[in-house]
Amino acid sequence: MRLLCGLWLWLSLLKVLQAQTPTPLPLPPPMQSFQGNQFQGEWFVLGLAGNSFRPEHRALLNAFTATFELSDDGRFEVWNAMTRGQHCDTWSYVLIPAAQPGQFTVDHGVEPGADREETRVVDSDYTQFALMLSRRHTSRLAVLRISLLGRSWLLPPGTLDQFICLGRAQGLSDDNIVFPDVTGWSPQASVC
C-alpha cells in the first residue's frame, strides 16, 4: 500500500510541476527577404532581453561587439568580444541556415546532444539596426533571448520601442531587459 501511495504522490507531483512549466509563445517569423551579404559585418550589442535576465544582471553586462562573417554556404561565423576591465572576453559560434532565409540553428561547437538553439533575424535595415531572437531548448525549459544590434550607438527613432515591444510580445517584462554599461568604454579599445 505504501508503494502505491508513493507512486500516486510522485505522479501527482509530476503533473503539478508540468502545469507550472509555461508553454513557450510562438516565435515571430524571420524577416522577409533577408539579405545575408548586407547583414554581415560588425554590430554593437546595444541591449538584451531574455527570460533568464534579472535586474541584478545589469551591472554584469559590458559593451560588446558581434561580428558576422558570411561563408559561401550561407553560414555565418559569429565572433563576440566584450571588454572586462583590462582584458577581453571572446566567444564564437556558427549560424547554420534553416528552412527560411534569416532563420538559423546555432552550432556552439560542443559535443553532440547539447542544447538545441534556434535564432532568427526579426527585423533589420542592415545599416543602422537589427533585432534578433534566439530560443535555446534545455531539458527543463526554453531560454529566450532578444538582441538589439546597432552599427553605431545611434539608433533610428522607434527602434528601442520596437525592441521592448518584441520582448513584451514574448512575455518578457522590463525587468528582463538589460543594457550594457558603457561607462569608460571606447569602440577602439586596444584590449579587444
Side-chain angles (χ1 to χ4, degrees), residues 24-53 61-83 88-112 114-138 142-167 169-170 172 177-180 187-189 192:
L25 295 170
L27 297 178
M31 183 177 159
Q32 294 293 321
S33 65
F34 175 75
Q35 301 296 316
N37 60 336
Q38 294 180 48
F39 188 78
Q40 69 180 337
E42 185 176 64
W43 293 92
F44 295 103
V45 179
L46 304 179
L48 294 172
N51 60 356
S52 63
F53 297 134
L61 182 63
N62 291 343
F64 70 101
T65 60
T67 304
F68 294 78
E69 185 176 306
L70 184 62
S71 64
D72 292 337
D73 62 0
R75 295 175 180 228
F76 277 105
E77 291 186 45
V78 184
W79 292 278
N80 294 285
M82 177 187 294
T83 56
C88 181
D89 289 338
T90 60
W91 64 101
S92 64
Y93 52 91
V94 175
L95 298 180
I96 302 166
Q100 294 180 302
Q103 186 174 339
F104 305 89
T105 56
V106 181
D107 179 359
H108 291 283
V110 295
E111 69 280 346
D115 297 337
R116 184 173 49 91
E117 184 174 354
E118 57 188 301
T119 190
R120 60 191 59 203
V121 178
V122 176
D123 196 6
S124 181
D125 68 356
Y126 304 109
T127 61
Q128 296 179 78
F129 83 97
L131 290 171
M132 292 186 73
L133 188 142
S134 299
R135 185 160 50 194
R136 182 171 45 94
H137 301 273
T138 70
V143 178
L144 178 76
R145 184 181 64 249
I146 300 170
S147 303
L148 172 61
L149 308 177
R151 294 288 188 185
S152 71
W153 292 97
L154 184 61
L155 291 169
T159 305
L160 190 56
D161 292 335
Q162 188 179 358
F163 168 66
I164 292 169
C165 289
L166 179 59
Q170 290 297 309
L172 302 176
I177 299 172
V178 293
F179 295 99
Q188 290 82 28
C192 284

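If you read the sequence from its start, that first residue is 1, and numbering goes on from there. The model shown is predicted, which means the values in this text are computed figures rather than measured ones.
In this structure E42 satisfies the side chain to side chain donor-acceptor pair (under 3.5 Å) test with no other residue, sequence neighbours excluded. The side chain to side chain donor-acceptor pair (under 3.5 Å) check on R136 picks up D115, with sequence neighbours excluded. For the side chain to side chain donor-acceptor pair (under 3.5 Å) test, residues two or more places apart in sequence or in another chain that qualify with E118 are H137. Scored by the side-chain contact (heavy atoms from CB on, under 4.5 Å) test, R151 finds W43 as partners (sequence neighbours excluded). Legend: residues meeting side chain to side chain donor-acceptor pair (under 3.5 Å) with E69, ordered by chain and number and at least two apart, are absent.
Using modelled atom types, one side-chain atom of S152 and one backbone atom of L154 make a donor-acceptor pair closer than 3.5 Å. The backbone N or O of L48 lies less than 3.5 Å from no partner atom in the side chain of S147, so there is not a single donor-acceptor pair. Q40 places a side-chain N or O within donor-acceptor distance of the main-chain N or O of L70, the cut-off being under 3.5 Å. Under the 3.5 Å distance criterion, the side-chain polar atoms of Q35 are matched with a main-chain donor or acceptor of S33. Side chain of N51 to main chain of L144: a donor-acceptor pair is present (N/O by atom type, distance under 3.5 Å, no hydrogens or angles).
Closest heavy-atom contact between Q170 and I146: CG-CD1, 4.4 Å.
For residues 70-79, the side-chain hydrogen bond (donor to acceptor under 3.5 Å, both in side chains) pairs, not counting sequence neighbours, are S71-D73, D73-R75.
Side chains of I177 and F163 form a contact here, defined as non-hydrogen atoms less than 4.5 Å apart.
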